[in-house]
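Below are the structure tokens for one structure; questions will follow.
Chain letters run A, B, ... following the sequence lines, proteins first and then strands; every chain starts at 1. What you see below is based on every heavy atom in this structure, not just the backbone, and it leaves out hydrogens, waters and symmetry mates.
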2 protein chains.
Amino acid sequence: MKPEAIFGKVLKSLRTEHGVSQEELAFRANLDRSYISMLERGINQPTLSSLIALAEALGIRTSELLKMVEDELKKIKDSD
Amino acid sequence: MKPEAIFGKVLKSLRTEHGVSQEELAFRANLDRSYISMLERGINQPTLSSLIALAEALGIRTSELLKMVEDELKKIKDSD
DNA sequence: CTGTAGACTACGGTCGACT
DNA sequence: CAGTCGACCGTAGTCTACA
């Protein structure tokens, strides 16, 4: 499984937990709504600055965001 | 200060602490040596997969790498 | 061993409009 | 509210080669 697909899952679950729409998240992170959509669907992978902007928009540290991605990646590798 | 500049500093210090050359790191991370050079100089910013590959090549977790970047960012913001 | 440069390909990221 | 499409631009990332 590709890292951007994992990232998309994590991003979507974090966003919905926060109860914010893609549009709202895009606004907070200063990114484009269609781009958020692509990220959540695993079509694109973010750059460092996008990661930082998204984490900030979600009110968590970038390292926490990455930790969740790592954990998901590991889970899937184990059950693979 | 731009995040990619901070990242470059962190990457370079981690690499030298590990006592490996840019060439060796590039090989381990499956990336190009000239690209590593650009990253360390803050000219380019990495994507998610590059971050993962580099962290792995340095024997640390991606979240740890990002944490160091965050801390540096914060330090500079404070003294700013 | 590293910086840099040019040339190139692929993809990150924006924007508007429609489903 | 979310997916997607096409057009567009900037840049991530490779490769060769030289200082």
Mind calculating the distance between CG (A/L31) and C1' (C/dC15) to the nearest angstrom?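 The distance from CG of A/L31 to C1' of C/dC15 comes to 14 Å, rounded to the nearest Å.
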Any chance you could lay out the side chain to side chain contact (heavy atoms under 4.5 Å, CB included) test for A/L48 and B/L48, step after step, and finish with the verdict? CA-CA 7 Å; A/L48 177 61; B/L48 177 61; over 6 Å; no
Flag, side chain of A/E56 to backbone of A/A29, donor-acceptor distance under 3.5 Å: no
Does any N or O in the side chain of A/Q45 come within less than 3.5 Å of the main-chain N or O of B/S49, such that one atom is a donor and the other an acceptor? yes
What's the CG-C1' distance between A/N44 and D/dA12, to the nearest Å? 13 Å
Rounding to an integer number of Å, can you tell me how far A/I43 CD1 sits from D/dA2 C1'?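 Answer to the nearest Å: 12 Å.
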Calculate the interatomic distance between A/L48 atom CG and C/dG12 atom P; express it in whole Å. 15 Å
Test B/L66 against B/L51 for side chain to side chain contact (heavy atoms under 4.5 Å, CB included), laying out the working first. CA-CA 9 Å; B/L66 261 291; B/L51 282 170; 4.1 Å; yes
Going by salt bridge (Lys or Arg N to Asp or Glu O under 4.0 Å), name the pairs with one or both residues in residues 25-35 of chain B, residues two or more places apart or in two chains.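 Of all non-adjacent pairs touching residues 25-35 of chain B, those that pass salt bridge (Lys or Arg N to Asp or Glu O under 4.0 Å) are B/E24-B/R28.
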A/M38 CE to D/dA2 C1': how many Å, rounded? 13 Å
Under 4.0 Å between any heavy atoms, over every strand shown, what does B/S37 touch: base, sugar-phosphate, or nothing? Just pick one.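 Here B/S37 touches the bases of the nucleic acid.
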Could you check A/E72 against A/K75 for salt bridge (Lys or Arg N to Asp or Glu O under 4.0 Å), going step by step and ending with a plain yes or no? CA-CA 5 Å; A/E72 278 297 319; A/K75 253 199 238 170; 3.2 Å; yes
Spacing of A/D32 atom CG relative to D/dG3 atom P, expressed in whole Å: 13 Å
In whole Å, what is the span from the CD atom of B/Q45 to the P atom of D/dG10?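 Computing the B/Q45:CD to D/dG10:P distance gives 16 Å.
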Side chain of A/R15: nearest nucleotide among D/dA12, D/dA2, D/dT14? D/dA2
Excluding sequence neighbours, so at least two apart, what forms salt bridge (charged side-chain N to carboxylate O under 4.0 Å, His left out) with B/E23?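 Scan of B/E23 (salt bridge (charged side-chain N to carboxylate O under 4.0 Å, His left out), adjacent residues dropped) gives none.
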Set of side chain to side chain contact (heavy atoms under 4.5 Å, CB included) partners for B/E40, sequence neighbours left out: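 Result, side chain to side chain contact (heavy atoms under 4.5 Å, CB included) vs B/E40: B/L11, B/K12, B/R15, B/Q22, B/I36.
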Distances under 3.5 Å between protein N/O atoms and the N/O atoms of nucleotides 17-19 of chain D, please, pair by pair.
none

Of all of residues 17-27 of chain A, which get a heavy atom below 4.0 angstrom from DNA chain D, listed by number? A/S21, A/Q22, A/E23
Check every atom of D/dA12, D/dT4, C/dG3 against the side chain of B/K12 and return the nucleotide holding the closest atom. C/dG3
Going by salt bridge (charged side-chain N to carboxylate O under 4.0 Å, His left out), name the residues that satisfy it together with B/R61, two or more places apart in sequence or in a different chain.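 Expected list: A/E70, A/D71.
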